Amino acid sequence: MKRTGALVAAMALLSLGAALPASAQTEERVTTLDGVYTEAQAARGAEVTEAVCRECHDDEEFVGAFIRSWAGASVAALFDDIYSLMPEDQPGSLPVQQYADVIAYILQLNGLPPGEVELGAARESLERVLIEANPRR
């Protein structure tokens, strides 16, 4: 009986994969060196940082060692960490796009290149972006 349930579950997962568009099935990962945010988004992130984060944090905290400590992780992991911990008095209280904007600002502070498309706040898009530090910093 358990085998039948497992077989049905496996078939359902396979059929779900077949139902996804080919682009979603083969969507490649990118890194923060590929331009995953826009300059305008980083500017919005700077505004949020100034209004919400500056009381406890300065820009230097997010440069160099900070971003290198996240190397190899997905941006989703960084997003989850910031969302669940910040602001300290009300974690998760900002609109999710503002958290993505702050991450864009952190990437900019670390000399990572901007691109043509904003970093979204959707989990699936954040998971496909790996953090890679700027090798020149």
Side-chain angles (χ1 to χ4, degrees):
M1 199 68 152
K2 285 186 178 179
R3 281 186 165 187
T4 304
L7 182 60
V8 169
M11 289 175 62
L13 286 173
L14 286 173
S15 66
L16 177 62
L20 291 173
S23 62
Q25 291 178 36
T26 60
E27 199 166 317
E28 292 182 31
R29 287 189 170 229
V30 295
T31 76
T32 51
L33 294 172
D34 294 320
V36 296
Y37 69 93
T38 65
E39 289 183 19
Q41 182 178 26
R44 289 194 315 267
E47 291 174 5
V48 173
T49 299
E50 188 60 40
V52 178
C53 312
R54 193 64 67 216
E55 184 177 318
C56 300
H57 303 285
D58 63 25
D59 288 349
E60 293 304 311
E61 288 181 66
F62 303 113
V63 178
F66 174 83
I67 202 73
R68 284 192 302 273
S69 72
W70 284 94
S74 71
V75 171
L78 177 58
F79 181 97
D80 290 346
D81 198 58
I82 293 172
Y83 182 85
S84 66
L85 297 172
M86 298 295 143
E88 191 174 51
D89 60 341
Q90 290 184 313
S93 61
L94 301 176
V96 293
Q97 190 58 53
Q98 286 187 349
Y99 287 98
D101 295 347
V102 168
I103 291 171
Y105 179 57
I106 291 170
L107 298 177
Q108 183 183 59
L109 286 174
N110 282 277
L112 295 160
E116 301 294 319
V117 178
E118 288 196 357
L119 180 67
R123 178 119 199 119
E124 53 279 351
S125 66
L126 294 173
E127 285 177 344
R128 60 182 284 272
V129 181
L130 296 179
I131 297 171
E132 191 170 340
N134 184 338
R136 296 183 191 154
R137 288 205 171 200

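Excluded from the calculations below are hydrogen atoms, water molecules and symmetry mates; all remaining heavy atoms, backbone and side chain alike, are included. Predicted model only: the values in this text are computed from it and were never measured.
When atom types are taken as modelled, the side chain of Tyr105 and the backbone of Val48 share no donor-acceptor pair closer than 3.5 angstrom. Within the 3.5 Å criterion, the main-chain N or O of Leu112 finds no donor-acceptor partner in the side chain of Asn110. In this structure, Thr32 contributes its side chain and Glu132 its backbone to a donor-acceptor pair below 3.5 Å. The backbone N or O of Glu28 sits less than 3.5 Å from a side-chain atom of Arg128, completing a donor-acceptor pair.
Annotation: the span from Cys53 atom SG to Asp59 atom CG amounts to 10.0 Å, rounded to 0.5 Å.
Closest approach of Pro135 to Leu33, counting heavy atoms only: CD-CD2, 4.1 Å. Here the closest heavy-atom approach between residue Ala77 and residue Ala73 is recorded as CB-CB, 4.4 Å. Of all heavy-atom pairs between Leu126 and Ser74, the closest is O-CB, 4.0 Å. Ser125 and Val129 make their closest contact through O-CG2, 3.5 Å (heavy atoms, listed as atom of the first residue, atom of the second, distance). Here the closest heavy-atom approach between residue Leu119 and residue Ala104 is recorded as CD2-N, 4.5 Å.
Within the 4.5 Å cutoff, the side chain of Gln108 has no heavy atoms near those of the Gln41 side chain. Between Phe66 and Glu61, the closest side-chain pair of non-hydrogen atoms is not below 4.5 Å. Using a 4.5 Å heavy-atom threshold, the side chains of Pro87 and Ser93 count as touching. Two residues are said to be in side-chain contact when any heavy atoms from C-beta on lie closer than 4.5 Å; Ile131 and Ile67 meet this criterion. Counting heavy atoms from C-beta on, the side chains of Val117 and Thr38 never come closer than 4.5 Å.
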- [ ] Apply side-chain contact (heavy atoms from CB on, under 4.5 Å) to the pair Asp101 and Tyr37, showing each step before the final yes or no.
- [x] CA-CA 8 Å; Asp101 295 347; Tyr37 69 93; over 6 Å; no
TODO: Please lay out, stage by stage, how Val30 and Val36 fare under the test side-chain contact (heavy atoms from CB on, under 4.5 Å).
DONE: CA-CA 8 Å; Val30 295; Val36 296; 3.9 Å; yes
Open item on the list: Under the criterion side-chain contact (heavy atoms from CB on, under 4.5 Å), I'd like the reasoning laid out for Ile106 against Ile82: C-alpha separation, chi angles, the key distance, then a yes or no.
Closed with: CA-CA 12 Å; Ile106 291 170; Ile82 293 172; 4.2 Å; yes
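In this pair, Tyr99 and Phe79 present their aromatic rings perpendicular. The plane angle is above 60°, beyond the 30 to 60° band.
Thr49 pairs in a side chain to side chain contact (heavy atoms under 4.5 Å, CB included) with only one of the listed residues (Gln98, Arg54, His57), which is Arg54.
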